[in-house]
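I have placed the structure first, in the form of structure tokens, so that the comments after it can refer back to it.
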Amino acid sequence: MKFSIKSGSPEKARGACVVVGIFENSKLSAAAESIDVASKKYLSKLLQQGDMDGKAGTTLLLHNVAGVQAARVLLVGLGNENKFAEPQYRTAVATAVKQLNSQGGQDAALFLVDLKVKKRDVVWRTRQAVLVAHEVSYRFDQLKSKPDSAKQALKKLEFAFARAADATTASEGLMQGEAMAIGANFTRDLGNLPGNICTPTYLAEQAQALAKDFAMRVEILDRDEMAAMGMNTLLSVARGSHEPPKLIVLRHMLGKKGDKPVVLVGKGITFDTGGISLKPGPEMDEMKYDMCGAGSVLGTMKAAALMKLPINLIGIIAAAENMPGSKATKPGDIVTSMAGLSIEILNTDAEGRLVLCDALTYAERFDPACVVDIATLTGACVIALGNITSGLFSNDDGFAAELLDAGQVSGDRAWQMPLFEEYQEGLKSNFADMANIAGRAGGSITAARFLSRFTEKYTWAHLDVAGTAWKSGKEKGATGRPVPLLTHFLIQRAKQTKSARSKKV
Ligand code: BES
Ligand code: MN
Ligand code: ZN
């Protein structure tokens, strides 16, 4: 889909369709008002007749409206005007784009971006509109012999503002939104690809392709190189599989030389059978999504590269396949991590923390400003927060607040969970420095607590995206989360370092 920005009045917009909003109780938005005037009160008449009531999620499509240049007018219900805020705005754009994708015409002028949203500006509204438009238009049909629907979907979407000054401001939002959406779509594609295609080797190839396209540096460490560094916990996960594990390191260094990098670490289990602690059969196919943390690192780096963000950013991906096999790690096996801590693997299905702990130790060598790991780590996190909110854990509350804010602004929210020392108790082992599991209670916290043992040397946060990285059921598919959260966080960081620098001068 191609996006553009324009200013002008809705009745003069040409093309297949002009989209304007209607609040509940027949209250017209400013753009709808213009159409109403141009059409000699046609909209008012329809509303009086009860053809539309302005309820959120509703639409009414009109053809050949007198006084209007565009072939169609799409009315979109916005709900109660006093309650119109971020979620209602997103719903309105989503409703409009879904309808536009299913009706005739390949282009539209969207006046919804001109609606006031509490606390949010033109840049935000434009950025969110791009993200939402991509989200509802996303399809994954590359493995079908024919695409799903023959319908002509929307090809061009114009963001339309009444004021020329707003149109100028909006371009920043368009640029950011497109970068985020392309990054998130990349993450979705990687997630949706099945385990027989998206292997650790495939992830490594994707990182190499990114590096080539955007002049990033990439390094791929293989089994022998990891063994030489003592990454035994990571390697213990890959032992049962024929797919070779990879440690992928990607660097986007557009910040000032010497600026400490932000490091993103992704869990890249390209399929999680549970290993010898085998998972039950139902829904096991969804464990192809167990590399979504890794996918979000690649997607975020793609977004940062598209924006040419002036920041030093390093992505590390711990990629492996967790399979049972004659060489597979067994419950009770003890391995020594790169950090020197020995770990009793009581359950081979708690493998995410095992690949991450070595990757997190490896991150130390970059002297990071901060590290965020992203992982589909625990079913317990899904029980705690459902599929709406990602779990956030951090050894620094200020850093946590920064990430929570990025989630709030980008509409990709997280919620902070505790990491209190008392949770360490459950990870005690009779035979090693620690076990890889604790009891069932607080499972997402004990998992995070396990990771925290390997991140004491730097500012760190952990995002458990087990509930948010993909959807199950009829709408099964990757969400591209938390690419919006991470990308917004990086945009803010890039701004901060810039202003800190100009202060120094
Ligand atoms: N990848 C899973 C976590 C998961 C499960 C994410 C279901 C989304 C949906 C992870 O590797 C895992 O298996 N975790 C175990 C840990 C347990 C053995 C301590 C879990 O959550 O059951
Ligand atoms: Mn597992
Ligand atoms: Zn897993």
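Ligands are counted one by one from 1 in listed order, and the atoms in each one are counted from 1 as well.
A side-chain donor-acceptor contact under 3.5 Å links T361 to the backbone of C357. D464 places a side-chain N or O within donor-acceptor distance of the main-chain N or O of T378, the cut-off being under 3.5 Å. Checking side-chain atoms of Y289 against main-chain N and O of A469 turns up no donor-acceptor pair under 3.5 Å.
With 2.8 Å as the limit, K267 counts as an N, O or S neighbour of the Zn ion (ligand 3). Not a single N, O or S atom of D349, from either the backbone or the side chain, sits less than 2.8 Å from the Zn ion (ligand 3).
The contact set between ligand 1 and E351, taken as ligand atoms under 4.0 Å from a residue heavy atom, comprises 11 (O). Set against the non-hydrogen atoms of K279, the atoms of ligand 1 under 4.0 Å away are 12 (C), 13 (O).
In summary, the side chains of D396 and Y458 do not present any donor paired with an acceptor at a separation below 3.5 Å, with no hydrogens or angles considered. For the 3.5 Å distance criterion, the side chains of Y138 and D189 qualify, holding a donor opposite an acceptor. Checked by atom type, the side-chain pair T336/S342 shows no donor-acceptor distance below 3.5 Å.
Considering M287, E286, E283 only, the shortest heavy-atom separation from atom 5 (C) of ligand 1 involves M287.
No other N/O/S atom of D272 lies as close to the Mn ion (ligand 2) as OD2 does. The closest approach of D272 to the Zn ion (ligand 3), by N/O/S atoms, is made by OD2. No other N/O/S atom of E351 lies as close to the Zn ion (ligand 3) as OE2 does. Atom OD2 is the N/O/S atom of D290 found closest to the Zn ion (ligand 3). When you scan the N, O or S atoms of E351 for the one nearest the Mn ion (ligand 2), you land on OE1.
At least one heavy atom of W470 lies less than 4.0 angstrom from ligand 1.
If you check which protein heavy atom lies closest to atom 16 (C) of ligand 1, you get R353 NH2, 3.8 Å. With hydrogens left out, the protein atom closest to atom 22 (O) of ligand 1 is G379 N, 4.5 Å, a heavy atom. Of all protein heavy atoms, the one closest to atom 6 (C) of ligand 1 is A466 CB, 3.6 Å. When hydrogens are left out, the protein atom nearest atom 19 (C) of ligand 1 is I437 CG2, 3.5 Å; that is the closest non-hydrogen contact. In this structure, atom 3 (C) of ligand 1 lies nearest to the protein heavy atom L377 O, 3.5 Å.
In F271, neither the side chain nor the backbone holds a heavy atom less than 4.0 Å from any atom of ligand 1. Proximity of D349 to ligand 1, defined as any heavy-atom pair under 4.0 Å, is shared by backbone and side chain alike.
For an aromatic pair to be called close, the ring centres must be under 6.0 Å apart, and Y89 with W124 satisfies this.
A salt bridge is absent between D222 and K246; no separation between the charged side-chain nitrogens and carboxylate oxygens falls under 4.0 Å. Salt bridge annotation for R127-E172: absent, with no cationic side-chain nitrogen under 4.0 angstrom from a carboxylate oxygen. Under 4.0 Å is where a charged nitrogen must lie from a carboxylate oxygen, and between R251 and E219 at least one such pair does.
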Open item on the list: With salt bridge (charged side-chain N to carboxylate O under 4.0 Å, His left out) as the criterion, how do D333 and K330 come out once you've worked through the C-alpha distance, each side chain's angles and the decisive distance to 0.1 Å?
Closed with: CA-CA 6 Å; D333 284 2; K330 305 167 291 298; 3.4 Å; yes
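In this structure, K279 places its NZ atom where more than 12 heavy-atom neighbours from other residues, nucleotides or ligands lie under 6.0 Å away.
Every N/O-N/O distance between T378 and ligand 1 stays at or above 3.5 Å. Considering backbone and side-chain atoms alike, K267 places an N or O below 3.5 Å from some N or O of ligand 1. The shortest N/O to N/O separation between N347 and ligand 1 does not fall below 3.5 Å.
Using a 4.0 Å threshold on non-hydrogen atoms, atom 1 (N) of ligand 1 counts as touching the protein.
Cation-pi geometry between K288 and F271 is not met at under 6.0 angstrom from the ring centre and within 45 degrees of the axis.
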